[in-house]
S.K.: 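So that we are looking at the same thing, I have put the structure below in structure tokens.
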Amino acid sequence: MLKSGSIFCSFWFFLGSFFSVFAQKQAPPTNFPQFKFYDLSGNAFTNNQIKAGLPMVVFYFDPDCDHCQLEAKMISSELNSFGQVNLLWVSTAEEAAIKSFQQKFFAGAKTPVYFVRDKDYKFDGYFGYSVAPTILVFGKNGIFLKKFTNEIAPVEIRNLLK
């Protein structure tokens with residue numbers, strides 16, 4: 001016989017599983033979406049604040065994720081080889097953790113590298129279901145090119161942008 005607590009837990013597990021399956025069916029957008037996140041000072045940050053006319057690489061990350069740290073290390077070590085491209089790093093973590101990650105891997109970067117906080121948990125709605133790390137590559141015309149769901153060699157991203 002199940003106790004009411006077990007039934008309650010089972011209900012939430014079932015409900016979470018249902019929404020997880022539904023969310024995983026969300027595909028990335030075909031064009032770069034309009035979005036609203038927050039800069040590391042807490043101010044609204046939208047796609048209108050990104051340098052226009054350049055390819056865009058979006059990284060969904062968690063500062064404590066080993067795979068995310070490895071990706072950041074690889075990208076930052078080859079940053080100059082990317083040429084003109086926007087790099088947008090998005091996390092739901094607290095601002096202090098994002099700032100620490102930014103300083104560790106991208107201090108002094110000359111390529112446009114934006115770090116923003118998704119405090120409203122809207123990333124999946126804008127970019128499709130994602131887990132950390134997820135990398136989405138868009139061409140300079142804003143057309144979606146490819147999605148990666150683990151760390152990837154920077155050369156593979158650069159090859160897409162040629």
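In what follows, residues are counted from 1 in the order of the sequence shown.
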S.K.: Is the backbone N or O of P63 less than 3.5 Å from a side-chain atom of Q69, with the two atoms forming a donor-acceptor pair by type?
M.R.: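 Present.
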
S.K.: Provide the closest heavy-atom pair for H67 versus E151 in the form atom of the first, atom of the second, distance.
M.R.: ND1-OE1, 2.6 Å

S.K.: Measuring only between side-chain heavy atoms, which start at C-beta, is F82 closer than 4.5 Å to I75?
M.R.: yes

S.K.: Could you pull out the closest heavy-atom pair between N150 and I135, with the gap in Å?
M.R.: O-CD1, 3.9 Å

S.K.: Work out which heavy atom in A44 is nearest to a heavy atom in K36; give both atom names and the distance.
M.R.: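 What the structure gives for the nearest pair is CB-CE, 3.8 Å.
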
S.K.: Whether the side chain of K99 engages the backbone of L40 through a donor-acceptor N/O pair (distance < 3.5 Å, no angle test) should be reported.
M.R.: yes

S.K.: Check the hydrophobic clustering (I, L, V, M, F, W, Y; side-chain heavy atoms under 4.5 Å; chains of links allowed) and say if F59 and L79 are grouped together.
M.R.: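 Per the 4.5 Å side-chain linkage, F59 and L79 are co-clustered.
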
S.K.: Distance-only, no hydrogens or angles: does the Q103 side chain make a donor-acceptor pair with backbone N or O of S100 under 3.5 Å?
M.R.: no

S.K.: Taking all non-hydrogen atoms of both residues, which atom of A132 and which atom of C65 are closest, and how far apart?
M.R.: O-SG, 4.3 Å

S.K.: Measuring from F106:CZ to T111:OG1, what's the distance to the nearest 0.5 Å?
M.R.: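 Result: 9.5 Å between the selected atoms.
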
S.K.: Test side chain to side chain contact (heavy atoms under 4.5 Å, CB included) on T46 and Q34; report intermediate values, then the result.
M.R.: CA-CA 7 Å; T46 68; Q34 299 283 325; over 6 Å; no

S.K.: Show the nearest heavy-atom pair for residues E78 and P154, with the distance to one decimal.
M.R.: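 Smallest interatomic distance, heavy atoms only, reads OE1-CB, 3.6 Å.
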
S.K.: Can you confirm whether N31 sits close enough to I143 that some side-chain heavy atom of one is under 4.5 Å from a side-chain heavy atom of the other?
M.R.: yes

S.K.: Heavy atoms, side chains only, cut-off 4.5 Å: are L161 and V57 in contact?
M.R.: yes

S.K.: Using a strict threshold of under 4.0 Å (side-chain N to carboxylate O), is an ion pair present between E156 and K146?
M.R.: no

S.K.: Under 4.0 Å between a Lys/Arg side-chain N and an Asp/Glu carboxylate O for E94 and K119?
M.R.: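 Not counted as a salt bridge, because no side-chain N and carboxylate O are separated by less than 4.0 Å.
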
S.K.: Other members of the hydrophobic cluster containing F127, with the 4.5 Å side-chain heavy-atom rule, please.
M.R.: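 Direct or chained contacts put F127 with F32, F35, F37, F45, I50, M56, V58, Y60, L88, V90, Y114, V116, F123, Y126, L136, F138, F144.
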
S.K.: Working to the nearest 0.5 angstrom, can you tell me the gap between E95 CD and F115 CZ?
M.R.: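 Between E95 CD and F115 CZ, I get 14.0 Å after rounding to 0.5 Å.
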
S.K.: For R117 and A93, indicate whether the former's side chain and the latter's backbone hold a donor-acceptor pair under 3.5 Å.
M.R.: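 Yes: the side chain of R117 pairs with the backbone of A93.
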
S.K.: Please check if M74 and F101 belong to a single hydrophobic cluster, counting links between Ile, Leu, Val, Met, Phe, Trp and Tyr side chain heavy atoms closer than 4.5 Å.
M.R.: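 Different clusters.
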
S.K.: For G53 and K140, which heavy atoms make the closest approach, and how far apart are they?
M.R.: O-CB, 3.6 Å

S.K.: For the backbone of F61 and the side chain of S91, can you confirm whether one donor and one acceptor N or O come within less than 3.5 Å of each other?
M.R.: yes

S.K.: Hey, what do you get for CZ (F148) to OG (S130), rounding to the nearest 0.5 Å?
M.R.: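 Atom-to-atom, F148:CZ and S130:OG are 13.5 Å apart.
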
S.K.: Are the side chain of S41 and the backbone N or O of N43 linked by a donor-acceptor pair below 3.5 Å?
M.R.: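 Judged by distance alone, no pair lies under 3.5 Å.
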
S.K.: Passes side chain to side chain contact (heavy atoms under 4.5 Å, CB included), Y129 versus T134? Steps please.
M.R.: CA-CA 9 Å; Y129 177 76; T134 292; over 6 Å; no

